[in-house]
Amino acid sequence: SQKYTAIGMLGKATDTLDATGKVTEEKPYDQITKGDLENVLQKFTGDIMQVPPLYSALKKDGERLSTLMKRGEAVEAKPARPVKVYSLSLQHFQPPLFTLDVECGGGFYVRSLVSDIGKELSTCAMMQELTRTKQGPFTLEEHALYEDKWTIDEIARSLEHCTSLLSGEPAHKKLKTEHPGETAVSC
């Protein structure tokens with residue numbers, strides 16, 4: 001599973017569902033209370049259906065939807081699909097901003113969640129910021145190596161620690177590269 005901390009902004013929607021996009025809608029949000037937000041989160045916990053964003057890495061005819069969209073090609077919305085939300089909680093609410101902690105399974109889009117929460121509250125919302133705090137066995141708190149520690153020894157120690165966590169998996173996976181016959185090796 002993956003864990004994220006997301007900051008959402010009420011009252012604004014964008015075409016990409018995040019701060020990089022063009023604003024497509026603005027709606028009032030002052031009627032929304034912290035209680036309203038917390039109640040809505042229950043609807044998005046567990047096994048839910050989610051429509052993936054149009055601007056995404058999903059592919060159509062081998063090309064990313066986001067690439068097609070930027071070229072101005074019409075892209076049909078993908079159907080809703082089942083996704084898993086293990087936990088969802090509200091950390092801060094300072095209108096228009098709200099901070100969520102999300103633990104979810106693969107294929108889940110946090111920006112779709114933020115947008116859906118906005119709609120559920122009869123306004124709109126977009127994702128302002130996203131931080132991934134856990135990926136598989138790795139957590140930001142325990143396994144991130146901050147810049148002041150980028151020394152050969154610290155990096156070696158960190159790699160050793162991470163490799164031991166992954167010992168269940170093969171250390172070298174072959175990655176597909178653009179050129180057949182060439183293989184990339186990743187740790």
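Because the structure is a prediction, the values reported are computed rather than measured. Positions are given from 1, in the same order as the sequence printed here.
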Using a distance-only test with no angle check, is there a side-chain donor-acceptor pair under 3.5 angstrom linking [X] and [Y]?
| X | Y | value |
| --- | --- | --- |
| Gln50 | Ser112 | no |
| Asp153 | Thr151 | no |
| Gln31 | Tyr29 | no |

- Item | Derivation of the side chain to side chain contact (heavy atoms under 4.5 Å, CB included) call for Arg71 and Glu63 | CA-CA 11 Å; Arg71 259 208 323 261; Glu63 278 204 89; 3.0 Å; yes
Value rounded to 0.5 Å, distance of [atom1] in [X] from [atom2] in [Y]:
| X | Y | atom1 | atom2 | value |
| --- | --- | --- | --- | --- |
| Ile7 | Met9 | CD1 | CE | 10.0 Å |
| Phe108 | Glu103 | CZ | CD | 11.5 Å |
| Glu25 | Met126 | CD | CE | 12.5 Å |
| Lys27 | Lys119 | NZ | NZ | 9.5 Å |

Does one hydrophobic cluster hold both [X] and [Y], with members joined at side-chain heavy-atom distances below 4.5 Å?
| X | Y | result |
| --- | --- | --- |
| Val83 | Leu130 | yes |
| Tyr109 | Phe44 | no |
| Leu121 | Val102 | yes |

So which atom in [X] and which in [Y] form the shortest heavy-atom distance, rounded to 0.1 Å?
| X | Y | value |
| --- | --- | --- |
| Asp15 | Gly21 | OD1-CA, 3.2 Å |
| Ser89 | Leu41 | C-CD1, 3.9 Å |
| Leu17 | Pro53 | CD1-CB, 3.8 Å |
| Cys104 | Tyr4 | SG-CE1, 3.7 Å |
| Ile48 | Thr45 | CG2-O, 4.0 Å |

- Chi angles and distances behind the side chain to side chain contact (heavy atoms under 4.5 Å, CB included) call for Val40, Glu120: CA-CA 7 Å; Val40 156; Glu120 195 64 46; 3.9 Å; yes
Any sub-3.5 Å donor-acceptor pair from [X]'s side-chain atoms to [Y]'s backbone N or O?
| X | Y | value |
| --- | --- | --- |
| Asn39 | Asp36 | no |
| Thr24 | Ala13 | yes |
| Arg111 | Gln128 | no |
| Thr123 | Pro28 | yes |

- Query: In this structure, which one of Thr131, Asp101, Thr99, Thr133 forms a side chain to side chain donor-acceptor pair (under 3.5 Å) with Thr5?
  - Reply: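 Considering Thr131, Asp101, Thr99, Thr133, a side chain to side chain donor-acceptor pair (under 3.5 Å) with Thr5 is found only for Asp101.
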[Y] side chain reached by [X] side chain, heavy atoms, under 4.5 Å:
| X | Y | value |
| --- | --- | --- |
| Asp47 | Val85 | no |
| Val114 | Asp18 | no |
| Asp116 | Val51 | no |
| Leu37 | Phe93 | yes |

- Item | From CA spacing to verdict: side chain to side chain contact (heavy atoms under 4.5 Å, CB included), Met127, Val110 | CA-CA 8 Å; Met127 191 175 75; Val110 180; 4.0 Å; yes
- Query: More than 12 foreign heavy atoms under 6.0 Å from CZ of Arg81: is that the case here?
  - Reply: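 For Arg81, atom CZ is crowded (more than 12 foreign heavy atoms under 6.0 Å).
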- Message: Under the criterion side chain to side chain contact (heavy atoms under 4.5 Å, CB included), I'd like the reasoning laid out for Glu38 against Leu90: C-alpha separation, chi angles, the key distance, then a yes or no.
- Response: CA-CA 7 Å; Glu38 286 173 331; Leu90 180 65; 3.7 Å; yes
